[in-house]
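Right, one structure below, let's go through it.
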Amino acid sequence: EVQLVASGGDWVQAGGSLRLSCAAPGFTFDDYAIGWLSRVPGKAREGVSCISSSDGSTYYADSVKGRFTISSDNAKNTVYLQMNSLKPENTTVYFCAVGVGRSWSLDYAEYDYWGQGTQVTVSS
């Protein structure tokens, strides 16, 4: 019933920018946390950023603060992750996800619905 479609991943040189998009047609973001989480080798998926659909509050992992910005367009049922000053260590697969009944969370276990991943590759 909930279809999350992530897109925008690409190859980019270090210092460059990308904008990831997560579309959820027919879904309301009123009462959910919407997050971007990344695949980290040897670990569970790691929270990168999230936004509360109820009040628009945002949260970021320390490693991306000041470089990444999450935003939402509820009219389009879309969440974005603007990624600036990209570093090679940001190379991974990024997933968008929805956590039911959560204002925000960077814990993968709190998310209930997941989109497919979109690959980001940052070269040095």
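Keep in mind it's a predicted model, so treat the numbers as computed, not measured.
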Exercise for the section: Would you kindly confirm whether Met83 and Val48 end up in one hydrophobic cluster when ILVMFWY residues are joined by side chain heavy atoms under 4.5 Å apart? Expected result: yes

Exercise for the section: Please confirm whether the backbone N or O of Arg39 pairs with a side-chain atom of Thr92, one donor and one acceptor, at under 3.5 Å? Expected result: yes

Exercise for the section: Look up atom NZ in Lys87 and atom OG in Ser63, then write down how far apart they are to the nearest 0.5 Å. Expected result: 8.0 Å

Problem - Tyr111 side chain vs Cys96 backbone, donor-acceptor pair below 3.5 Å - result: no

Practice task
Ignoring hydrogens and angles, tell me if any N or O in the side chain of Ser49 forms a donor-acceptor pair with the backbone of Tyr59 under 3.5 Å.
Solution key: yes

Exercise for the section: For Thr91 and Val122, indicate whether the former's side chain and the latter's backbone hold a donor-acceptor pair under 3.5 Å. Expected result: yes

Fill in the blank from the handout: Between the OH atom in Tyr108 and the CZ atom in Phe95, the distance rounded to the nearest 0.5 Å is 13.0 Å

Practice task
Report yes or no: do Asp107 and Ser105 form a side-chain donor-acceptor pair below 3.5 Å?
Solution key: no

Handout entry: hydrophobic_cluster_shared for Ile34 and Val93, side chain cutoff 4.5 Å
Key = no

Problem - Trp114 side, atom CH2; Gln116 side, atom CD - distance, nearest 0.5 Å - result: 12.5 Å

Exercise for the section: With rounding to the nearest 0.5 Å, note down the distance linking OH in Tyr60 to CG in Leu106. Expected result: 10.5 Å

Handout entry: Gln13, CD: over 12 other non-hydrogen atoms inside 6.0 angstrom
Key = no

Practice task
Show your reasoning for whether side-chain contact (heavy atoms from CB on, under 4.5 Å) applies to Trp36 and Val79.
Solution key: CA-CA 9 Å; Trp36 286 98; Val79 173; 3.7 Å; yes

